[in-house]
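Fair warning: this is a prediction, and the values are worked out from it, not measured in the lab.
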Amino acid sequence: MPPQKIETGHEDTVHDVAMDYYGKRLATASSDYSIKIIGVGNNTSQHLAKLSGHKGAVWEVAWAHPKFGSILASCSFDGTVIIWKEGNSNEWIKDHVFEDHKSSVNSIDWAPHELGLCLACGSSDGNISVFTARADGGWDTSRIDQAHPVGVTSVSWAPSTAPGALVGSGFLDPVQKLCSGGCDNTVKVWKLYNGIWKMDCFPALQMHTDWVRDVAWAPNLGLPKSTIASASEDGKVIIWTVAREGDQWEGKVLHDFKTPVYRVSWSLTGNILAVADGNNNVTLWEEAVDGEWRQVTAVGP
């Protein structure tokens, strides 16, 4: 498929791009304080909406699962998280504004839809908040205070099916876990026990020598192991795996990119990892049968 260039119309740096569930629309987040919704088709793109409401750079955007309707979340340097809802086609309203954080909210991630409409947010104030929608339209909040005291850079939910469980077996309670990366150079895993978030890895996962910029928990598709990728200012991407619940996580360097690495993202099947680095390169990596990771392709700027 030939690459398609899309003019966003933003007046400043674009920090994040998220494709909706059906692959028909993009949401973009920018330092110009706005979010754009762009329709994409066969080599065509069309501006559908501009969402204005933040008072600072918008770092990330995330689409909720369509079973909850047409909903988008955004987080900003202004310390707020906004939930946007589409009413009529391309008419978006601010449905809710969360002002729980005292400084920049750097990362947001919707939980697997089996857990309900539930959003995790990581902030420079060191805290992680988890907002869960109630049937009456309100939101419940749980928190992980001082998850990374010097600042949380990224959050990512674990798959809701327990490792090793058959997908869709439906007999097991869904797993509520997430991972986070921070300015303390560590990756941490958290699990919800009786309504309280507790650290689920001891000690914290420490192999990076500089800020962790992004974390991404891989889909597991019923495999017995859990896998997390982390990207860092130190130029390395590390793949963390744990064979089964309660074991120690083990880290392995995927590659040293010799330049800061900003984002990591898994394919839906969890077997290919996309990496975006400070040289404006996007590379795709796959784990071979021998357990080594190999670059399968590069996507030019």
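Contact check on D234 versus K236 returns no salt bridge, with no Lys/Arg side-chain nitrogen under 4.0 Å from an Asp/Glu carboxylate oxygen. At a threshold of 4.0 Å, the pair K36-D32 does not count as salt-bridged, since none of the basic side-chain nitrogens sits closer than that to a carboxylate oxygen. For K177 and E245, the salt-bridge test passes: some basic side-chain N is under 4.0 Å from an acidic carboxylate O. Ion pairing of E250 with K225 is absent here, as no side-chain N (NZ or NE/NH1/NH2) approaches a carboxylate O to less than 4.0 Å. K252 and E287 are not joined by a salt bridge, as no carboxylate oxygen comes within less than 4.0 angstrom of a charged side-chain nitrogen. Under a 4.0 Å N-O distance rule, the pair D277/R263 does not qualify as a salt bridge.
Shortest non-hydrogen contact noted between K258 and D256 is N-OD1, 3.0 Å. Across T13 and S30, no two heavy atoms sit closer than the pair O-OG, 3.0 Å. Taking all atoms of both residues into account, the shortest heavy-atom contact from Q248 to P203 is OE1-CD, 4.4 Å. The nearest pair of heavy atoms linking P112 to W157 is CD-CB, 3.7 Å. In terms of heavy-atom proximity, D20 sits nearest to K24 at OD1-N, 2.9 Å. What you find for V264 and A231 is that their closest heavy atoms are CG1-CB, 3.9 Å.
Side-chain contact between H10 and S34 is present, with heavy atoms from C-beta onward closer than 4.5 Å. Residues L48 and Q46 form a side-chain contact, since some pair of their non-hydrogen atoms from C-beta on lies under 4.5 Å apart. Residues I144 and V152 fail the side-chain proximity criterion, which asks for heavy atoms closer than 4.5 Å. Under the 4.5 Å side-chain criterion, counting only non-hydrogen atoms from C-beta, E99 is in contact with V97. Side-chain contact between W190 and C179 is absent, with no heavy atoms from C-beta onward closer than 4.5 Å. Between C183 and H148 the shortest side-chain heavy-atom distance does not fall below 4.5 Å. T269 is not listed as a side-chain neighbour of I272, based on a closest heavy-atom distance of 4.5 Å or more. At a threshold of 4.5 Å between non-hydrogen side-chain atoms, the residues W84 and D95 do not count as touching.
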S154/N106 under side chain to side chain contact (heavy atoms under 4.5 Å, CB included): CA gap, chis, key distance, verdict: CA-CA 7 Å; S154 56; N106 302 318; over 6 Å; no
In sequence, state the C-alpha distance, the side-chain angles, and the governing distance for W217 and T227, and then conclude on side chain to side chain donor-acceptor pair (under 3.5 Å). CA-CA 6 Å; W217 202 309; T227 305; over 6 Å; no
Report the C-alpha distance between H255 and W285 in whole Å, list the side-chain angles of each, state the deciding distance to 0.1 Å, and finish with yes or no for ring pair (Phe, Tyr, Trp, His ring centres under 6.0 Å). CA-CA 10 Å; H255 187 66; W285 299 76; 5.0 Å; yes
Candidate pair S70 and R25, rule side chain to side chain donor-acceptor pair (under 3.5 Å), full reasoning: CA-CA 11 Å; S70 193; R25 293 185 295 180; 3.0 Å; yes
Just do the side chain to side chain donor-acceptor pair (under 3.5 Å) check on H54 and T80 with the steps written out, would you? CA-CA 8 Å; H54 284 295; T80 69; 3.2 Å; yes
Show your working on side chain to side chain contact (heavy atoms under 4.5 Å, CB included) between R213 and S232 and close with a plain yes or no. CA-CA 5 Å; R213 286 289 185 185; S232 168; 5.9 Å; no
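Checking W197 against S142 by side-chain atom types alone, a donor-acceptor pair falls below 3.5 Å. A donor-acceptor contact closer than 3.5 angstrom links the side chains of H101 and S129. A donor-acceptor contact closer than 3.5 angstrom is absent between the side chains of N185 and Q206. Using a 3.5 Å distance cut-off with no hydrogens or angles, the side chains of D12 and Y33 do not pair a donor with an acceptor.
Cluster membership check: F131 shares its hydrophobic cluster with F68, using side-chain heavy-atom separations under 4.5 Å among Ile, Leu, Val, Met, Phe, Trp and Tyr. Hydrophobic cluster membership is shared by V130 and V155, with clusters built from Ile, Leu, Val, Met, Phe, Trp and Tyr side chains linked at under 4.5 angstrom. Cluster annotation: I239 is not connected to I228 through the hydrophobic network of ILVMFWY side chains, with a link wherever side-chain heavy atoms come within less than 4.5 Å. There is a path of hydrophobic side-chain contacts, each under 4.5 Å, that joins I6 to V17. Cluster annotation: Y21 and W92 are assigned to distinct hydrophobic clusters (Ile/Leu/Val/Met/Phe/Trp/Tyr, side-chain heavy-atom contacts under 4.5 Å, transitive).
Surrounding CH2 of W211 are at most 12 heavy atoms belonging to other residues, nucleotides or ligands under 6.0 Å away. Taking a 6.0 Å sphere around CG of D136, one finds it holds more than 12 heavy atoms contributed by other residues, nucleotides or ligands. Open room surrounds CG on N194; 12 or fewer heavy atoms of other groups in view lie less than 6.0 Å from it. Enclosure of atom CZ in R134 by more than 12 non-hydrogen atoms of other residues, nucleotides or ligands within 6.0 angstrom is indicated. In this structure, K67 places its NZ atom where more than 12 heavy-atom neighbours from other residues, nucleotides or ligands lie under 6.0 Å away. Under a cut-off of 6.0 angstrom, the local environment of CZ in F77 is sparse, with at most 12 non-hydrogen atoms contributed by other residues, nucleotides or ligands. Summarising the local packing, NZ of K191 is surrounded by more than 12 heavy atoms from other residues, nucleotides or ligands at distances under 6.0 Å.
A tilted orientation is assigned to the rings of H96 and W139, their planes being inclined by 30° to 60°.
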